[in-house]
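Note sheet for the following structure.
Computed from a prediction, not measured in an experiment: that's the story for all the values here. Ligands are counted one by one from 1 in listed order, and the atoms in each one are counted from 1 as well. By convention here, the first residue in the shown sequence is residue 1. Only this structure's heavy atoms are used, side chains among them; waters, hydrogens and symmetry mates stay out.
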Amino acid sequence: MKDWRNGDLSGRNTFGIAARCKRWVEVDSEEELMAFLPTLSTADAPLLVLGAGSNLLLTADYPGTVLHVNIKGREATVEGTDVYLRCGAGETWDDIVAFCVQQGWHGAENLSLIPGEVGASAVQNIGAYGVEAKELIVKVEAVEWATARKVTFSNADCAYAYRQSRFKNEWKGRFVITHVTYRLSTEFRPCLDYGGLRAHLSSDHPTAEELRRAVIDIRRAKLPDPKVEGNAGSFFMNPVVTRGQLEALQRQYPQMPHYEVDENRVKVPAGWLIEQCGWKGKTLGKAGVHDRQALVLVNRGGATGADMLALCRAIQGDVQRKFEIKIEPEVNIV
Ligand code: FAD
Ligand code: EPU
């Protein structure tokens with residue numbers, strides 16, 4: 001266990017925002033976590049659970065305790081073609097994907113190279129290239145921080161939806177996730193239908209390694225590396241609009257791309273809306289819009305959380321005025 005006063009968060013958020021916290025605690029096991037939670041005094045509250053900080057915008061120093069769950073471990077149980085893999089919340093997500101591909105356990109390939117840790121995968125319902133974590137998650141184990149009581153949630157309990165879960169909404173700040181169990185399969189049924197993926201593969205029957213490599217190559221070409229330019233991936237979620245709204249907009253913008261959600265609703269790529277507003281590659285103060293993916297806001301060097309928020313608001317305002325669509329941040333603003 002680590003326990004420091006006046007912790008430095010600069011290297012702990014992929015935006016690279018300079019910030020500190022009153023106290024920094026890192027636990028290496030569930031036992032350490034259960035022993036620590038009841039000792040947290042009101043003087044050291046509130047509590048923020050931090051994974052790798054890859055979906056977080058810090059707008060100020062944190063006035064309480066930042067807790068990192070560094071629980072490692074992978075336990076697999078095979079039942080027929082199903083593989084149940086229970087992972088510690090502190091495992092790096094992409095190490096798990098690489099491990100599964102190597103073992104011949106399938107289902108996570110499209111989620112290759114998403115930054116962050118296992119704990120957050122169950123908070124964020126991470127998604128990419130037509131697959132979401134909710135399709136793999138079967139069980140989430142956590143500790144309620146106010147009572148230090150252990151709880152286990154099923155997939156249905158978590159109310160997963162596009163980049164949403166109960167952990168992000170009504171349960172925000174209530175539970176510390178310790179383990180996540182994913183269901184993979186020894187059968188490989190690749191999902192290749194997401195735009196651009198098939199075109200990147202040399203055959204319609206790739207191996208799992210080839211699929212993982214293609215996803216990694218597309219991501220590297222499009223997304224900025226946080227080690228080079230601070231960012232948190234997509235800053236906004238893709239908005240969902242009604243078919244009526246889409247038809248009205250298409251009269252003015254016939255090329256507006258969209259993806260089916262259900263009978264009545266479609267998803268519009270926020271990157272397109274932002275690009276149409278002229279923001280792609282632009283800079284406001286020390287904050288900027290990536291030149292290859294307008295949905296990604298970047299720290300041009302020395303930006304504060306307030307600089308990033310000012311750019312966020314300017315973009316939201318322009319998109320609202322031009323398209324009458326409200327785009328909401330995907331990143332957690334603290
Ligand atoms: P953090 O940012 O540290 O935390 C995220 C949230 O989870 C916070 O609310 C935090 O309190 C909570 N949390 C973290 N750990 C725990 C825990 N153990 N218990 C309870 N709560 C916890 N996301 C996608 O979905 N798809 C992508 O394709 C994608 N691409 C990205 C590309 C780049 C370059 C970057 C920088 C980010 C990208 N992201 C993507 C966003 C990010 O990778 C995910 O949201 C990821 O799940 C965040 O993991 P983290 O460990 O860094 O979480
Ligand atoms: N587009 C533009 N201009 C841009 C960017 C995008 O016009 O600058 C349009 C294009 O029409 C393009 C479409 O948007 O075809 C979709 O772009 P892309 O495939 O890059 O995906 P996205 O919708 O921008 C989403 C996720 C990503 C995920 C990719 C791949 C959200 C908020 N973002 O991005 O997730 O990796 O799809 O599945 O849903 C993240 O959450 O941090 C993240 C990076």
Side-chain angles (χ1 to χ4, degrees), residues 9 12-16 27 33 47-58 66-71 88-94 110-133 140-143 145 162-163 165 167-168 171-180 194-197 215 218-239 255-259 267-276 279-281 289-298 327-334:
L9 300 176
R12 297 256 166 203
N13 70 97
T14 59
F15 262 122
V27 292
L33 175 65
L47 182 74
L48 169 70
V49 187
L50 187 75
S54 64
N55 206 35
L56 198 73
L57 177 63
L58 295 164
V66 174
L67 171 68
H68 180 234
V69 181
N70 191 37
I71 301 177
E91 289 277 348
T92 294
W93 167 253
D94 192 51
N110 297 45
L111 303 177
S112 290
L113 210 68
I114 297 183
E117 297 176 356
V118 158
S121 75
V123 174
Q124 301 291 130
N125 182 24
I126 52 173
Y129 300 97
V131 175
E132 288 183 325
V140 179
E141 292 164 67
V143 176
W145 87 264
Y162 167 59
R163 297 295 193 276
S165 70
F167 300 109
K168 265 191 103 167
W171 293 345
K172 198 175 173 72
R174 205 171 137 191
F175 297 103
V176 182
I177 296 171
T178 56
H179 297 88
V180 181
Y194 189 93
L197 192 50
V215 170
I218 300 173
R219 294 182 64 96
R220 288 215 169 115
K222 233 189 238 183
L223 295 166
D225 178 354
K227 289 196 197 90
V228 179
E229 207 169 24
N231 75 90
S234 301
F235 194 92
F236 301 98
M237 283 182 278
N238 286 327
Q255 328 77 337
M256 182 182 256
H258 61 278
Y259 308 98
K267 206 187 266 180
V268 178
W272 186 85
L273 300 171
I274 297 168
E275 183 171 351
Q276 295 301 307
W279 276 109
K280 198 167 181 169
V289 180
H290 188 49
D291 55 0
R292 276 171 282 144
Q293 200 348 328
L295 196 46
V296 179
L297 305 194
V298 293
I327 52 169
E328 299 284 0
E330 193 221 294
V331 299
N332 298 281
I333 297 170
V334 177

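In terms of protein heavy atoms, atom 44 (C) of ligand 2 is closest to Ser234 OG, 3.2 Å. Given atom 36 (O) of ligand 2, the protein heavy atom at minimum distance is Arg219 NH1, 3.5 Å. Atom 26 (N) of ligand 1 has Gly127 O, 2.7 Å as its closest protein atom, hydrogens excluded (heavy atom only). Ranking protein heavy atoms by distance to atom 50 (P) of ligand 1, first place goes to Ala52 N, 3.4 Å. Atom 48 (C) of ligand 1 has as its closest protein heavy atom Ser54 OG, 3.2 Å. Ranking protein heavy atoms by distance to atom 24 (O) of ligand 2, first place goes to Gln293 NE2, 2.9 Å.
The shortest N or O to N or O distance between Pro115 and ligand 1 is under 3.5 Å. Ligand 1 has no N or O atom lying under 3.5 Å from any N or O atom of Ala232, backbone or side chain. Distances between N or O atoms of Glu330 and those of ligand 1 include no value under 3.5 Å. Residue contacts with ligand 2: Ala294 is placed with a nitrogen or oxygen under 3.5 Å of a nitrogen or oxygen of the ligand (distance criterion only).
The residue among Asn70, Asp94, Val123 with a heavy atom at the shortest distance from atom 13 (N) of ligand 1 is Val123. When the heavy atoms of Arg219, Arg220, Glu229 are ranked by distance to atom 30 (N) of ligand 1, first place goes to Arg219. Evaluated by nearest non-hydrogen atom to atom 41 (O) of ligand 2, the leading choice among Glu330, Lys222, Glu275 is Glu330. Closest heavy-atom approach to atom 8 (C) of ligand 1 among the candidates Asn332, Val118, Asn55: Asn332. The heavy atom nearest to atom 35 (O) of ligand 2, out of those in Arg163, His258, Gln124, is found in Arg163. The heavy atom nearest to atom 19 (N) of ligand 1, out of those in Ile114, Val298, Ile177, is found in Ile177. Of the options Phe235, Tyr162, Tyr129, Tyr194, the smallest heavy-atom separation from atom 25 (C) of ligand 2 is shown by Tyr194. For atom 15 (O) of ligand 2, the nearest non-hydrogen atom from the set Trp279, Tyr259, Trp272 comes from Tyr259.
Interface atoms of ligand 2 facing Asn238, defined by a heavy-atom separation under 4.0 Å, are 23 (O), 31 (C), 32 (C), 39 (O). Atoms of ligand 2 found under 4.0 Å from any heavy atom of Gly233, numbered from 1 in the order shown, are 42 (O). In the vicinity of Phe236, heavy-atom distances shorter than 4.0 Å reach the ligand 2 atoms 32 (C). Proximity to Lys280 (heavy-atom distance under 4.0 Å) selects the following atoms of ligand 2: 3 (N), 4 (C), 8 (O). If you number the atoms of ligand 2 from 1 as listed, the ones under 4.0 Å from a heavy atom of Ala128 come out as 36 (O), 38 (O). For ligand 2 and Pro269, the ligand atoms under 4.0 Å from any heavy atom of the residue are 9 (C), 13 (C), 14 (O). Atoms of ligand 2 lying under 4.0 Å from any heavy atom of Leu295, numbered from 1 in the order shown and given with element: 24 (O), 32 (C). Remark: ligand 1 atoms within the under-4.0 Å shell around heavy atoms of Ile126 are 25 (O), 44 (C), 46 (C), 47 (O).
Residue contact check for ligand 1: Phe175 places a non-hydrogen atom closer than 4.0 Å to it. Between Arg163 and ligand 1 there is a heavy-atom distance shorter than 4.0 Å.
Ring orientation note: the planes of Tyr259 and Tyr194 are close to parallel, at an angle under 30° on the 30°/60° scale.
Distance check for atom 10 (C) of ligand 2: every protein heavy atom is found at 4.0 Å or beyond.
Contacts between Gln124 and ligand 1, counted as non-hydrogen atom pairs separated by less than 4.0 Å, involve the side chain only. Counting heavy atoms closer than 4.0 Å to ligand 1, residue Asn231 contributes atoms from both its backbone and its side chain.
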